[in-house]
Amino acid sequence: MQRRPGAHREHAGPDGVYCPGERSAARAVERAADGVPVAPKVWRDLTERAAEYGITPPGTV
């Protein structure tokens, strides 16, 4: 079977083709700058638990 040059691009996802670790590295940079997303219910549970112990959680971004 012979493949055409560039044929892999036809099957690439919407963000292109990545080498192992590239997406994780990009996500780490993004989260270092913007923070880690937390689901609303999880955040509510955390803030309620923090209040029980007299801890003021950081504000949301």
Side-chain angles (χ1 to χ4, degrees):
M1 173 194 253
Q2 189 175 11
R3 301 185 94 188
R4 295 184 328 255
H8 65 280
R9 290 186 185 96
E10 296 172 8
H11 301 289
D15 296 330
V17 177
Y18 291 94
C19 291
E22 282 185 318
R23 288 190 306 177
S24 297
R27 184 174 293 128
V29 169
E30 193 176 283
R31 289 184 174 174
D34 301 334
V36 178
V38 177
K41 182 184 181 325
V42 173
W43 185 253
R44 184 176 55 250
D45 292 347
L46 288 171
T47 56
E48 288 172 1
R49 183 65 52 138
E52 292 175 14
Y53 290 97
I55 300 169
T56 303
T60 59
V61 178

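Bear in mind the structure is a predicted one, so any value in this text is a computation, not a measurement.
- Under the rule for a side-chain contact (heavy atoms from CB on, under 4.5 Å), the partners of Val42 that lie at least two apart in sequence or sit in another chain are Val38, Ala39, Leu46.
- Partners of Arg23 by salt bridge (Lys or Arg N to Asp or Glu O under 4.0 Å), not counting sequence neighbours: none found.
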Output side-chain donor-acceptor pairs under 3.5 Å for residues 48-59, partner residues at least two apart or in another chain, one line each.
none

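- Partners of Glu22 under the side-chain contact (heavy atoms from CB on, under 4.5 Å) rule, at least two apart in sequence or in another chain, are Tyr18, Cys19.
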